[in-house]
A.B. asks: 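Sending over a structure as structure tokens; questions will come in a sec.
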There are 2 protein chains.
Amino acid sequence: MVTIQDVAKAAGVSPMTVSHVINDHPHVKSETRERVLRAIDELDYRVNVAARNLRTGRTGTIGLAVPEIDRPYYGQLAAEIIKVAAGHHLRVAIEQTGASREGELAALALSRNRLYDGLILSTVGLGPADTDLLRVDHPVVILGERIFDGPVDHVAMPNSEGARAATRHLVERGCRRVALIDGPQRGEVDVSSLRYDGYREALDEAGLPFDPRLVAPIEQLTMEQGAAAARRLAGSGGGFDGVFCVTDTVAIGALRGLADSGLRVPHDVKVIGFDNIAEGAYSVPSLSSIDPDHALMAGTAVGFLVKRMAEKGRARQAPREFVSPFSLVARESTGG
Amino acid sequence: MVTIQDVAKAAGVSPMTVSHVINDHPHVKSETRERVLRAIDELDYRVNVAARNLRTGRTGTIGLAVPEIDRPYYGQLAAEIIKVAAGHHLRVAIEQTGASREGELAALALSRNRLYDGLILSTVGLGPADTDLLRVDHPVVILGERIFDGPVDHVAMPNSEGARAATRHLVERGCRRVALIDGPQRGEVDVSSLRYDGYREALDEAGLPFDPRLVAPIEQLTMEQGAAAARRLAGSGGGFDGVFCVTDTVAIGALRGLADSGLRVPHDVKVIGFDNIAEGAYSVPSLSSIDPDHALMAGTAVGFLVKRMAEKGRARQAPREFVSPFSLVARESTGG
DNA sequence: TTGTAGGCGTTATCAT
DNA sequence: ATGATAACGCCTACAA
């Protein structure tokens, strides 16, 4: 293996000078720099990142823990975060938590191994009871739900507000029997609970009665379960003319399930999702949704993290919280 | 920061003994082990991965370079690879190459920085001309296309065979004017060229004439361009009753474009894609596709890489190639 | 502008 | 079964 020493010898300088050249330090005579660069090129020298990490105490990599990278929402989020992180000269390693509390705790533990300079954790399973576990002395940013006033920075979605807007949109389009396909509620502040709240509020505002038969709960936020839930709703005979789905992925499944049941969207039933994933613009019919501005969320999350990583010692700022704004995207599935 | 030294002191042993305990070496008296573990727990000690990497020369992380992680195909591939890699106690860091030759070369350079123990590179832009650039002395596995007899291991898709089967399927379902939405052809052996070949072969086999007006080329394999290409085909007046799309993502866009053009699938036009991404099962109509067995490909790629990583010095095996088998999944879009 | 010394935290090797 | 020693390759601090 070629080391800095070898390069130094070949270039007739000290190892330090080579280091200076590598790290673009200003005080190197350009002639010396040339000589060193030539030696680097000839020997095909590569810095040993492990050695640099050990010496500097940083790795240049941040972790991104998401439930499952193959869900469109997280893929699109990851793409954004990787792009933004690259602008800060940071690499991104992806961990899959499997949408479980255990997986999320495992991701936290990894960053404590100092494998990453910081961690962006997209939580689903952690709740207020886990506040203490987040009290780690490594930079962590929570992304996704508005969990609670935890000890760490937090980039949140406008869950209940967005859900309320989505449900109201259905009502404005003439729906009077609005169903909900909702995810697992594991606490008071997870994504499903918050969006459920927004749904309920919108019904109240519109003066529409809440009918429990119009709520179809699912265990996982997948297309498969979205389709199954839609078929259940269609088969239950409850009669409904609109559905708010807890996520777009679920909604795309629901579109499929409604088609299976012979219901036409938007003619018989109007459908709206949440997240505005790219696929929603291309489904048939195209999917109305709540757009929480992913790019802004990704940029803010990385920004928070970078700021934390720059903090020296105990000069800690108080935890920050950012709630993304949102907009409603009306497409064919609500008759738009 | 708590180091092995601190633990050693607290437990009244030498640092080496702590190391032995951490690494599960056999010759440690269980009483000693207990004492050390207790000290580790009390001090909340975490191994310093950078130091370990420097000492062992390995990082425990492999790189996965894909064009864009937010394309469903690559998201699903990444999820598989992360799962398999975890079984080998390997983490996966994801690089996005932007589907460009430069991006792919950059990913190669990173692994040469010894950031990763190995690299799985999903190529789109590299071609036969780049053979020399792949001649690196770090474990690399090429994944995706059947590029060429390069100097590295290669897990390939059955591109032309699959494309032939897809096109044949359309013919068998009664199509006589089969269109192709094809991606950018940048050489003789990229994914678009190979699938184009399969399309042509199937037409020949069926005794159908090749009509260049039925080929709609696109620059990027996105839903957007798939939709645009379908609209172009519909507007050109060439008359077609089937479309083979170079990927499922493109096909889902095409379904949208056909709907925009007032063409019904499968009644007026039948559609088939390639990749069998999860979304295809839930589109309306559901999408027929070629399924190349992602899990097998992912498992094989990681297997190849792990084997390479275990090779000592110059005892190199010859490059291996694996071409995944495939199956055809007939769904609604071809009248299934 | 360039060089010297020292150590980051861990583990391989070789003793005992 | 446990430990002493010596690196791994780099960079911070200081010196020249």
Side-chain angles (χ1 to χ4, degrees), chain A residues 1-40 43-61 89 112-117 137-138 312-313, chain B residues 1-40 43-61 89 112-117 137-138 312-313:
Chain A
M1 130 158 308
V2 183
T3 75
I4 262 191
Q5 323 274 343
D6 302 324
V7 175
K9 219 167 290 172
V13 296
S14 82
M16 257 341 284
T17 303
V18 179
S19 176
H20 286 146
V21 171
I22 292 170
N23 295 289
D24 280 329
H25 283 219
H27 301 301
V28 181
K29 205 166 25 169
S30 63
E31 188 209 323
T32 316
R33 180 190 312 279
E34 287 308 317
R35 205 141 34 93
V36 170
L37 288 176
R38 211 173 319 126
I40 286 177
L43 299 178
D44 198 30
Y45 164 79
R46 312 278 160 176
V47 299
N48 182 322
V49 181
R52 173 181 284 173
N53 290 349
L54 175 58
R55 187 54 238 229
T56 63
R58 307 179 346 91
T59 68
T61 299
H89 303 287
R112 296 174 77 191
N113 281 350
R114 326 230 343 277
L115 198 64
Y116 308 135
D117 294 339
D137 55 350
H138 301 266
K312 310 279 184 194
Chain B
M1 132 157 307
V2 182
T3 73
I4 261 190
Q5 322 274 343
D6 302 323
V7 176
K9 219 167 291 173
V13 297
S14 81
M16 260 337 286
T17 302
V18 178
S19 176
H20 286 147
V21 170
I22 292 170
N23 295 288
D24 280 329
H25 284 219
H27 301 301
V28 181
K29 209 174 9 176
S30 62
E31 187 209 321
T32 316
R33 180 190 312 278
E34 287 309 317
R35 205 142 33 92
V36 170
L37 288 176
R38 211 173 317 126
I40 286 177
L43 299 178
D44 198 29
Y45 163 79
R46 311 280 162 174
V47 297
N48 182 323
V49 180
R52 172 180 284 175
N53 290 348
L54 175 58
R55 185 57 239 218
T56 62
R58 308 179 348 89
T59 68
T61 299
H89 303 287
R112 296 174 76 191
N113 282 351
R114 328 232 338 275
L115 235 158
Y116 308 135
D117 294 339
D137 56 350
H138 302 267
K312 310 279 186 195

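In what follows, every heavy atom counts, from backbone to side chain, and hydrogens, waters and symmetry copies are set aside. If you're wondering where the values come from, they're calculated on a predicted model, not measured in any experiment. First the proteins, then the strands, lettered A, B, ... as listed; each starts at 1.
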A.B. asks: If the condition is salt bridge (charged side-chain N to carboxylate O under 4.0 Å, His left out), which residues does B:Asp44 pass it with, not counting sequence neighbours?
C.D. replies: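 Checked B:Asp44 against salt bridge (charged side-chain N to carboxylate O under 4.0 Å, His left out); matches are A:Arg112, B:Arg46.
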A.B. asks: Please report the C-alpha distance between B:Val18 and B:Gln5 in whole Å, then the side-chain angles of each, then the deciding distance to 0.1 Å, and finally whether the side chain to side chain contact (heavy atoms under 4.5 Å, CB included) criterion is met.
C.D. replies: CA-CA 8 Å; B:Val18 178; B:Gln5 322 274 343; over 6 Å; no
A.B. asks: Separation of A:Met1 atom CE from D:dC8 atom P, in whole Å?
C.D. replies: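 About 11 Å, once rounded to whole Å.
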A.B. asks: Please state how far atom CD in A:Glu34 lies from atom P in C:dT1, giving the value in whole angstrom units.
C.D. replies: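 A:Glu34 atom CD is separated from C:dT1 atom P by 15 Å.
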A.B. asks: Decide if atom CZ of B:Arg33 counts as having more than 12 heavy atoms of other residues, nucleotides or ligands within a radius under 6.0 Å.
C.D. replies: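 Count over threshold, so yes.
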A.B. asks: Mind listing the closest non-hydrogen atom pair of A:Arg52 and A:Asn23 along with its distance?
C.D. replies: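 Closest heavy-atom pair between A:Arg52 and A:Asn23: NH2-OD1, 3.5 Å.
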A.B. asks: Could I get a table of every N or O pair under 3.5 Å where one atom is in the protein and the other is in nucleotides 10-16 of chain C?
C.D. replies:
| residue | atom | partner | partner atom | Å |
| --- | --- | --- | --- | --- |
| C:dT10 | OP1 | B:Tyr45 | OH | 2.3 |
| C:dT10 | OP1 | B:Asn48 | N | 3.2 |
| C:dT10 | OP2 | B:Ile4 | N | 2.6 |
| C:dT11 | OP1 | B:Asn23 | ND2 | 3.4 |
| C:dT11 | OP1 | B:Arg52 | NE | 2.7 |
| C:dT11 | OP1 | B:Arg52 | NH2 | 3.1 |
| C:dT11 | OP2 | B:Ser19 | OG | 3.0 |
| C:dT11 | O2 | B:Arg55 | NH1 | 3.0 |
| C:dA12 | O4' | B:Arg55 | NH2 | 3.1 |

A.B. asks: Between the side chains of B:Thr59 and B:Asp117, does any donor sit under 3.5 Å from an acceptor?
C.D. replies: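 B:Asp117 and B:Thr59 do have a side-chain donor-acceptor pair below 3.5 Å.
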A.B. asks: Provide, to the nearest angstrom, the distance between the CZ atom belonging to A:Arg58 and the P atom belonging to D:dC11.
C.D. replies: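 Interatomic distance, CZ of A:Arg58 to P of D:dC11: 13 Å.
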A.B. asks: Is there a side-chain contact between B:Ser14 and the phosphate of D:dT2, meaning an N or O under 4.0 Å from OP1 or OP2?
C.D. replies: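 For D:dT2, OP1/OP2 do not have a side-chain N/O of B:Ser14 under 4.0 Å.
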A.B. asks: Rounding to an integer number of Å, can you tell me how far B:Lys9 NZ sits from C:dG9 C1'?
C.D. replies: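 Atom NZ in B:Lys9 sits about 13 Å away from atom C1' in C:dG9.
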A.B. asks: To the nearest angstrom, how far is B:Leu54 atom CG from D:dG9 atom P?
C.D. replies: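 Interatomic distance, CG of B:Leu54 to P of D:dG9: 7 Å.
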A.B. asks: Should A:Ile40 and A:Ile22 be marked as a side chain to side chain contact (heavy atoms under 4.5 Å, CB included) after you check the CA-CA gap, both sets of side-chain angles, and the distance that decides it?
C.D. replies: CA-CA 9 Å; A:Ile40 286 177; A:Ile22 292 170; 4.3 Å; yes
A.B. asks: Just how far, in rounded Å, is C1' of D:dG9 from CG of B:Leu115?
C.D. replies: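 My rounded result for the distance is 15 Å.
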